[in-house]
Structure formats: C-alpha cells, structure tokens
Amino acid sequence: MSAEVDRLLHRLVQGLRPQVGERADALLGRLRDELPDLWGHEDLAALALQEITGHLTTFLDLLDGQVTMDEVAPPELAREVSRECARRGLPLSGLLRAYRIGHMILLRQMQAEATRLTDDPELVSDIMTRMTDSGFAYVDIGSELVVTAYQEERERRLRQRLAMTDAAGRRIGTTLDITRTAEELVEVGTEDFADLVVVDLLDSAVSESPVEDDALLRRVALGTPGSVHGGPAHRYPEGSVQDRALRSGQPVLRIGVEADGSAPWEPAAGDSVLLLPLQARGAVLGLVQFFRGGSTTPFDHDDLSLAREIAARTAVSIDNARRYTHERLTALTLQRSLLPQRPVRNAVVETAARYLPSGGRAGLGGDWYDVIPLSGARVALVVGDVAGRGLEAAAAMGRLRMAVRAFADIDLMPDELLTHLDDVVIRLSREEGRDEGGLSATCLYAVYDASTGTCSLASAGHVLPALATGSRPDPSSGSVATSVDFLDVPMGPPLGLGGLPFETAQFDVPEGSLLAFYTDGLIEGRGSDVDASRALLREHLATAPESPDTVCDGLLEALLPDQPADDTTLLVARTRALDARHIAVLDVPSDPAAVSRARRFAADRLAEWGLEDLSFATELIVSELVTNAVRYGRSPIQLRMILQSSLTCEVSDASSTAPHLRRARTYDEGGRGLLLVAQMADRWGTRHSRDGKVIWAEQPLPHEDGGSGEGAQAVPGVDLTITVPSTLDDAFPSA
C-alpha cells in the first residue's frame, strides 16, 4: 500500500509543479480576502507572493521524497516577510493565521486533485493522512522560523529605539544654541531612522524682537545622512498638512505625501512622513518633519511614538536655549548700557577698553571698568568684578559702578573709597535678603596724577595691574622694548566682608608708560596656566605698540580662546605727563593782604599762557578761594593753577573743614563767594587728603575763534551790579 501511495503522490506532485505560480497567486488572493489588514500593503503582498511560491515548491519536494523532514527548510524569504511585518507593526498572530489558512487551502486543493487521479477511497485516505502529517510538520517548522525572525526584528527595533532615545539624550541639547540644537536633531534623526529631517521654527518663537507675521518660519536645519544645512524663511500653504499640524499641535503620520509645495523634496508614491509640532511649556515653537522615501519601509505608529519622544526632548532643549539666549541678550544689553558708551577722551591718559562676555553656559558675569576724570590733571581708572551670573550680576555691577562714580565725585582717597564701597555691598546684600557675604565683588581703584607722575592705588581682592615702563615708542616701528612689572602692593579683601582695612599704595609712573588693568578672566581661562598667561601678558606688553587700542586687541588675541569660559574686561592706559610750564604754584601766607598778590600772580600767569580773556573770572575765583583759605583754613596755604584741556585753579590748606554754598540774605555782607565761584566755573569741588583739603574750580578755555569760554561769559542768574561790588570790597583788600 505504501508503494501505491508513493506512486500516486509522485503523479500528484508532478501534475502540480507546473501550476505552482498560478496556485500561489490564487492562494495569495484568498489570503488577502481573509486577512485584508495583513496583505493590504502592495509591496508586502508582492514579497509574500514570492514567499508562497517558495513554500509550495518546498512542500512539493517534501511530498515527492526529494527532501526529508529533517532536511526541509522553508524559503529564506519567509524570514524577510516576517521581519517586514515586524517593522510595520503588523501582528504576529495574523502572520501565523495566514500559515494555517494557507495550509488548509492547499490541502483541500491537493485532496481534490488526488480524488481526480483515483477512485479508491482507501488510497485517497492514506494520501491525505500523509499530506496532513507532512503539512502540519512543515507548518510547525515554518511557524517557528517566522516567530523567531519576528521576535528578533522586534527586539532589534526595540534596541534601535532605545539606542536612538539614548543618542537623543546625549547628543541633542549639548549647547544652549538654538541652531545647533536643531542640527543635532537632524543628525540623530537621519541615522537609521529617516531619509530626511527638516526643522522649522516660528520666527515669533525665536526672535528677540516683536514680529508682525506670526506664520513666518525659519528653516533652521535640513539634512540627509551626512549633510546638514539651513534654509530660507518660508510659510506653509494655508490648509496644508504641515499648517494643520502646527496649528492643532497634534502629530501626524502620513503614507503618501502630496506635492502641495510644503515638502522640501518632490514627493513620490509610497513616501511617508512624520510631522511633530515642537511644543514646550505650553508654547508651540515650530515643526519637525521626518521623511522616508518609497524605497524605505514606511513609518509606523512605533516610529511615531519614538519621534514624539525625541521631538519633545528637542523642544525643551530649544526652549531652554531660547530662554537662555533671551536672558543673556538682556543681561548683555543691560551690562553694556551700564559700561562707558564711548571712549573717554582725557588729556591725562590715553585709554582703550574691551569687554568680552563668556562663551559658555555660565552666562554673563558682573565685570566692569570705568575711566573717571578728576580735578587737577588726575584721572581715576577702575576695574571690578561682581560674583555671580546673569541679570542679577549685571544689575549689581551697575549699582556698584554708580556708587564708585559718586564716591569719586567727592574725591575720596582709594582706600577710603573702597571702604565706603564695602559698606554699599553689605547694605545691598542685606536689602536683597542674602546671607552675610552673599553678595561679593572685587574692585581696583587707581588715581593717576599727571602733574606729579604718580599713581595711587587700592585693591579690594582684585588682581593687580601690569605696568610697562620705558622710553617713548619709536615712530618708525611703532613699538619699543620696555620693562614690565606686575605691581607688588598690598591687596585688601573682597568687598562684602566688612570690617577689614584697605591700603593705598603710591608709585611713580613715567610718562608714556602702559598700565594694564584686567579681570581674572584674561589670565584664568579654560585650561590655561596662570603663570603662562602672565608670562605671555608680560611678553606682549614688553613690545607694545603706541596705541592702547592695538594693545587691547593683541592681548585678547594672544590670551583668550574663541569661547572664553569667563567674562573678561581689559582696560589699558598710556600715561601722559603735564609740562611744568603748564603748572603755576604760589605759596600763600595766612594773611588777608596775600589775596591781592595771589590775584596778580594769577593775572600774570594768564598773560603768559595767552588767556587774558579769562582774567576777570579767574581773578574772582582765585580771590574767593584764597580769602576762604586765609579766613577759615590753616597754613600752609597754596595756590596752584593747571593748564591742560581746561584751566583749573586749586587752593589747598591744612584744615579739613569744607566750605559749602549757602543762600545769603539781602543785607548779609558775606556768603556769596562760593556762589560766584560756582557760577563762573564750569565745575568746582573739594577733595580731602590726609594733610587737609583742596578747593578747586575748573573753567573751559576760550574758543579758537577768539571768543571766551563759558567761564568768561556773563553769570546767568546773578545780578552783578549788586552782588559783585559788595563781594569785591570784601574779597579784594588793598595790598
């Protein structure tokens, strides 16, 4: 009986072999009717047709005895179909059901063929038994193969998803830069996930200034594997899928992309796209699009879930970068508005300054500098640094700079000024509810006096300046070798500690010397050695050119990286000396009769300097200041006249009592002297020293056209016909 079964099966198989292709096509049609969701994809159905053909051929070989059950192997294409189903998220149960249905259909067809070949029911029964046993065994082998392939693909996709999620966490948002963050998203997205990634951000979401068009987008990043670049500004067509996704805030998965003008490439049949609105903290920032071409497996819902996770992470990073950029720009604008807005022109020193914000995540610091003209051919040079970052540090810096200017206006000694500034820092810290020492700052305050060629300096925890001295630069080369020293003077504690003293140091500064003031960011950059930086600073200053501007640029280029880790402030001053011919000094005895001699001395000096137009105002100022010193001050008394860009008259005495303006009543014999000085002079004031005080008054020089300066004009608001005679009788005693 077995031989008859073998012969009949051989005839059956030989008859079916020429019909394999036709029967495979019919079988696929039946399966598509039974499982439309599984075989609804045309590309997958074409692949499945080849698989069914392979299965039929292998099964016929098994029935014909060409292979044994131990040797039989389903076609390799079965693995690929299983993997493709896993990639598309199609259920494994559907694939296994297709195997069972196909097996039953094939058995029925073969039973019909066997019945046609013989009318022996017992023989047909034996044939069906063998085909059924072989069929179920083959289905088991095939099912095991596809299950294994399916699980392997799902696990591979899971690992890929985890790897991509991990890559997104590590590589997206590494900087607080919006464009770079978008580029990182493109780079991650085009690695084994999408053929093209496009990041469009709303102009209204990233612009620092108000925008009128809330639909305008910036194409921040667009890229394919290995290539990322930006694109032009644009708008999505109204009603397009991109426009709807952006307005609704809902993600979209589409298979087949219409050519509506919004896609960055020409769509083709089978292309798929994921559209993910970038949303963070309740605001829509833009849209990211992931594209796959028709030759690539279309996106599925697993891909959509992964893309949503990555887009959400990117949106937060972009929003952080946007907020950081906004705060940084605000702090930078505030800080720069609080720094000197234009170069300070001064006859005492030639200065240049630079402020460079940090390039890292730390944000702006509280560095500042200032150049403050003082009376008597002097200038204050200030550099400071508030601890902390951002708007808070910038605001504190502005308050301290204004405090320094206020203290400089009353001409305090450097150590006294820092003592008062220390009190200000402590008070600010308490007002802001900080802990003791919560607000901290460093400050260096130096006063250069061109009439004596000396510099007085005090430091509150701030790095000391470098002094480059030598002969004047060679006009042919523009530079000259000089000696460079880092000043070794006492340094006080940082501001904000309270109760600790500061000390003023004084040193000579030859004419033409360079003073380089800086914050620690210049020499303590990322990865740099402080000693090496100081050596480089010394080397550069030793051959510094004439122009302080050039010195600043050279130092920054030599010492700072492209992205400095800390804010840096640099202030360079080249000193000038005041010609002795422009200074006139007279010792005045404590005698009212000396007033007329001081007046004649002033008139003679004005004649020598060709400033006779200032005689009236100057003699009046000298008379009033000398009279006050004789009456209310103590010896020694000295008159000093300084001619530079203005004319300054100073009277010093050993008393610390300062005069003040007061309103004289109608019949008062005195009390109008300082009022006249204030009206005649452009500026006037008092400065104290440890030896007494100096009262000074400054007048502008006459114009080049022969007219006089402001000090020689009629005094506004003062009736000279009444006040001047009574004052002159009092202030100009006979010799």
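Every value quoted in this text rests on a predicted model; they were computed, and no experiment measured them. Numbering starts at 1 and runs along the sequence shown.
- In this pair, F407 and H420 present their aromatic rings tilted. The plane angle is within the 30 to 60° band.
- The cationic group of R534 lies under 6.0 Å from the six-membered ring centre of F486 and within 45° of the ring axis, placing it in a cation-pi geometry.
- Between the D449 side chain and the R378 main chain, no donor and acceptor come within less than 3.5 Å of each other.
- Taking CD1 of I642 as the start and CZ of R605 as the end, the distance is 14.0 Å to the nearest 0.5 Å.
- Side-chain contact check for D411 and S375: at least one donor-acceptor pair (N or O, by modelled atom type) lies under 3.5 Å.
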Evaluate the criterion side-chain hydrogen bond (donor to acceptor under 3.5 Å, both in side chains) for residue pair D653 and S635; output intermediate values, then yes/no. CA-CA 6 Å; D653 68 83; S635 296; over 6 Å; no

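- With hydrogens and angles ignored, the 3.5 Å screen pairs a side-chain donor or acceptor of T519 with a backbone N or O of T569.
- Annotation: the span from I695 atom CD1 to T686 atom OG1 amounts to 3.5 Å, rounded to 0.5 Å.
- Looking at Y448, its side chain does come within 3.5 Å of a backbone N or O of R576 through a donor-acceptor pair.
- Taking CZ from R690 and CE from M413, the interatomic distance works out to 4.0 Å, rounded to the nearest 0.5 Å.
- Put simply, the side chain of P414 reaches to within 4.5 Å of the side chain of S456, judged on heavy atoms.
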Run D409 and R687 through salt bridge (Lys or Arg N to Asp or Glu O under 4.0 Å) and show every step you take. CA-CA 9 Å; D409 193 51; R687 68 174 182 267; over 6 Å; no

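- Going from atom CG of D520 over to atom OG1 of T568 covers 8.0 Å, rounded to the nearest 0.5 Å.
- Residues D587 and Q638 have side chains that bring a donor and an acceptor to within less than 3.5 angstrom of each other.
- For the pair L614 and P702, the tightest heavy-atom approach, listed with the atom from each and the gap, is CD1-CD, 3.9 Å.
- Residue A396 comes nearest to L439 through the heavy atom pair CB-CD1, 4.2 Å, listed as atom of the first residue, atom of the second, then distance.
- The shortest non-hydrogen separation linking V585 to F601 is O-CZ, 3.7 Å.
- Under a 3.5 Å cut-off, the side chain of W696 and the backbone N or O of S652 do not form any donor-acceptor pair.
- Side chain of R574 to main chain of G512: a donor-acceptor pair is present (N/O by atom type, distance under 3.5 Å, no hydrogens or angles).
- Side-chain contact between L514 and L467 is absent, with no heavy-atom pair separated by less than 4.5 Å.
- Annotation: Y632, atom OH; neighbour count of heavy atoms from other residues, nucleotides and ligands within 6.0 Å does not exceed 12.
- Judged by distance alone, the side chains of D367 and Y355 never bring a donor and an acceptor atom under 3.5 Å apart.
- Panel note: side chain K693, backbone S655; a donor-acceptor pair is recorded below 3.5 Å.
- Side chains of S483 and T469: a donor on one and an acceptor on the other come within 3.5 Å.
- Closest heavy-atom contact between G498 and I426: CA-CD1, 3.4 Å.
- Considering L639, V651, V595 in turn, L639 is the only one that fulfils the side-chain contact (heavy atoms from CB on, under 4.5 Å) rule with V622.
- Under the 3.5 Å distance criterion, the side-chain polar atoms of T618 are left unmatched by any main-chain donor or acceptor of S615.
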Does the side chain to side chain contact (heavy atoms under 4.5 Å, CB included) test come out yes or no for F517 and L444, once each step is laid out? CA-CA 9 Å; F517 303 86; L444 188 144; 3.4 Å; yes

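- Side chain of T575 to backbone of P510: a donor-acceptor contact under 3.5 angstrom is found.
- Judged by distance alone, with hydrogens and angles left aside, the side-chain atoms of T504 form a donor-acceptor pair with the main-chain N or O of D415 at under 3.5 Å.
- Here the options are P465, C455, S459, the test is side-chain contact (heavy atoms from CB on, under 4.5 Å), and the partner is L487; only P465 passes.
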Take V447 and V379 through the side chain to side chain contact (heavy atoms under 4.5 Å, CB included) test and state the conclusion after the steps. CA-CA 6 Å; V447 176; V379 64; over 6 Å; no

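- Remark: E650 CD to I583 CD1 distance equals 9.5 Å, nearest 0.5 Å.
- Side-chain atoms of S451 and R640 include a donor-acceptor pair closer than 3.5 Å.
- Shortest non-hydrogen contact noted between V509 and S513 is CG1-CB, 3.7 Å.
- Remark: R399 engages E431 in a salt bridge, criterion side-chain N to carboxylate O under 4.0 Å.
- To the nearest 0.5 Å, atom CG of residue L606 and atom CG of residue L647 are 6.0 Å apart.
- Nearest approach of P493 to L500, heavy atoms of both residues: CG-CB, 3.5 Å.
- Here the rule is side-chain contact (heavy atoms from CB on, under 4.5 Å) with V404, and of L412, V382, L418 only V382 fits it.
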